[in-house]
Amino acid sequence: MKYHRSFVLILPVSLIVHQPAWAEIIELRIFPVSGPQQSCPQKVIAYQTPQPYQEGGYATNGMVNLGAIATQITLSPAAPFSAIWIGTLKPPYRNCKATAGMFSIDGKEYTGPSYLRLQMIEGKATVILDMTGLQDANGFTTQITKKTIQQGNPRWTWGGTD
């Protein structure tokens, strides 16, 4: 009599149901206000990562690498649908006069509304996260639920209902 061995691979449910969330890379492209701006960076990078799904809504964590071009970053007083961080431009960029908006996500051109913007003027860098006019699946305004500074960079969480 021959015996056949069968192997069954049993994976924990957590490995089957949840996949790791990878950060999306957002490129903010710099646009000079006027004339050549040799003292401006070419781009600033931000990251956003969707939180694991929770019934009834969704949330996304984000961070912009403002510390690459600025120091002394502070969070402005709270506004209902936006967050504003202001820093002092580092010496190589002090004379930069430019703005920036979302240009690409994971290397693909982004053509939607730029809810993340950057202004560089008078030696200051201002990052604006603005949910004004953005709606979730149920027609409610997308909310910013967390605004902070960690490791010298602006960080946030925004989300909505599904």
Side-chain angles (χ1 to χ4, degrees), residues 20-52 54 57-162:
W22 300 103
E24 295 177 317
I25 299 171
I26 301 171
E27 179 184 329
L28 300 173
R29 181 75 51 95
I30 307 298
F31 301 101
V33 173
S34 63
Q37 298 291 323
Q38 297 166 345
S39 64
C40 293
Q42 291 183 345
K43 61 185 173 183
V44 172
I45 300 297
Y47 304 91
Q48 64 181 17
T49 306
Q51 291 183 2
Q54 293 184 7
Y58 62 92
T60 300
N61 298 324
M63 185 276 284
V64 62
N65 190 9
L66 188 59
I69 64 166
T71 61
Q72 302 172 348
I73 299 164
T74 60
L75 176 60
S76 291
F81 308 109
S82 62
I84 299 172
W85 293 268
I86 301 171
T88 300
L89 286 167
K90 290 183 176 180
Y93 308 118
R94 287 266 161 83
N95 295 322
C96 178
K97 290 183 181 178
T99 65
M102 295 171 63
F103 182 77
S104 67
I105 297 179
D106 286 341
K108 296 177 184 164
E109 184 179 1
Y110 178 77
T111 59
S114 185
Y115 52 87
L116 185 59
R117 297 182 300 279
L118 171 65
Q119 299 174 3
M120 291 174 281
I121 192 161
E122 297 178 2
K124 298 289 183 187
T126 303
V127 169
I128 304 160
L129 175 66
D130 190 6
M131 298 290 117
T132 304
L134 299 180
Q135 64 181 1
D136 64 19
N138 292 307
F140 298 114
T141 298
T142 304
Q143 301 289 308
I144 300 172
T145 59
K146 183 179 178 183
K147 310 169 193 179
T148 188
I149 299 170
Q150 292 179 357
Q151 299 173 333
N153 288 305
R155 294 183 186 258
W156 60 83
T157 301
W158 60 267
T161 63
D162 63 1

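Below, all heavy atoms of this structure are taken into account, side chains as well, without hydrogens, waters or symmetry copies.
Contact of the Asn153 side chain with the Trp85 side chain is not registered, since no non-hydrogen atoms from C-beta on lie closer than 4.5 Å. Two residues are said to be in side-chain contact when any heavy atoms from C-beta on lie closer than 4.5 Å; Glu27 and Ile45 meet this criterion. Under the 4.5 Å side-chain criterion, counting only non-hydrogen atoms from C-beta, Tyr115 is in contact with Leu129.
Closest of all the heavy-atom pairs between Pro41 and Ile69 is CG-CG2, 3.9 Å. Nearest heavy-atom pair, Ala125 versus Ala70, reported as atom, atom and distance to 0.1 Å: CB-CB, 4.2 Å. The nearest pair of heavy atoms linking Ala98 to Cys40 is CB-SG, 4.0 Å. Between Ala137 and Asp162, the closest heavy-atom pair is CB-CA, 4.2 Å. Residues Thr142 and Trp158 share a closest heavy-atom pair of CG2-CE3, 3.3 Å.
The structure places CG of Leu89 at 8.0 Å from CG of Leu66, a figure rounded to the nearest 0.5 Å. A distance of 6.0 Å separates CG in Leu116 from CD1 in Ile26, rounded to the nearest 0.5 Å. Between the CG atom of Asn61 and the OH atom of Tyr47 there is a distance of 15.0 Å, given to the nearest 0.5 Å. With values rounded to the nearest 0.5 angstrom, Ser104 atom OG is found 11.5 Å from Tyr110 atom OH. Atom OG1 of Thr145 is separated from atom CD of Gln51 by 7.0 Å, given to the nearest 0.5 angstrom. Rounding to the nearest 0.5 angstrom, the gap separating the CD1 atom in Ile128 from the CG atom in Leu118 is 8.5 Å.
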**Request:** Would you please test Leu28 and Val64 for side chain to side chain contact (heavy atoms under 4.5 Å, CB included) and show each step?
**Result:** CA-CA 9 Å; Leu28 300 173; Val64 62; 4.0 Å; yes
**Request:** Tell me, with the steps shown, if Tyr93 and Met120 meet side chain to side chain contact (heavy atoms under 4.5 Å, CB included).
**Result:** CA-CA 9 Å; Tyr93 308 118; Met120 291 174 281; 5.6 Å; no
**Item:** Thr88/Lys124 under side chain to side chain contact (heavy atoms under 4.5 Å, CB included): CA gap, chis, key distance, verdict
**Value:** CA-CA 5 Å; Thr88 300; Lys124 298 289 183 187; 3.2 Å; yes
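Between the side chain of Asp136 and the backbone N or O of Thr161, at least one donor-acceptor pair lies under 3.5 Å. With hydrogens and angles ignored, the 3.5 Å screen pairs a side-chain donor or acceptor of Asp130 with a backbone N or O of Thr132. Formation of a donor-acceptor pair under 3.5 Å by the Lys90 side chain with backbone atoms of Gly67 is found in this model. Checking side-chain atoms of Lys147 against main-chain N and O of Ser76 turns up no donor-acceptor pair under 3.5 Å. When atom types are taken as modelled, the side chain of Thr148 and the backbone of Arg155 share no donor-acceptor pair closer than 3.5 angstrom. Under the 3.5 Å distance criterion, the side-chain polar atoms of Asp106 are matched with a main-chain donor or acceptor of Ile25. Side-chain N or O atoms of Gln143 include one that pairs as donor or acceptor with a backbone N or O of Thr141 at under 3.5 Å.
Within 6.0 Å of the CZ atom in Phe140, the count of heavy atoms belonging to other residues, nucleotides or ligands does not exceed 12. More than 12 heavy atoms of other residues, nucleotides or ligands shown are found within 6.0 angstrom of CD on Gln150.
Contacts of Arg94 classified as salt bridge (Lys or Arg N to Asp or Glu O under 4.0 Å), with partners at least two apart in sequence or in another chain: none.
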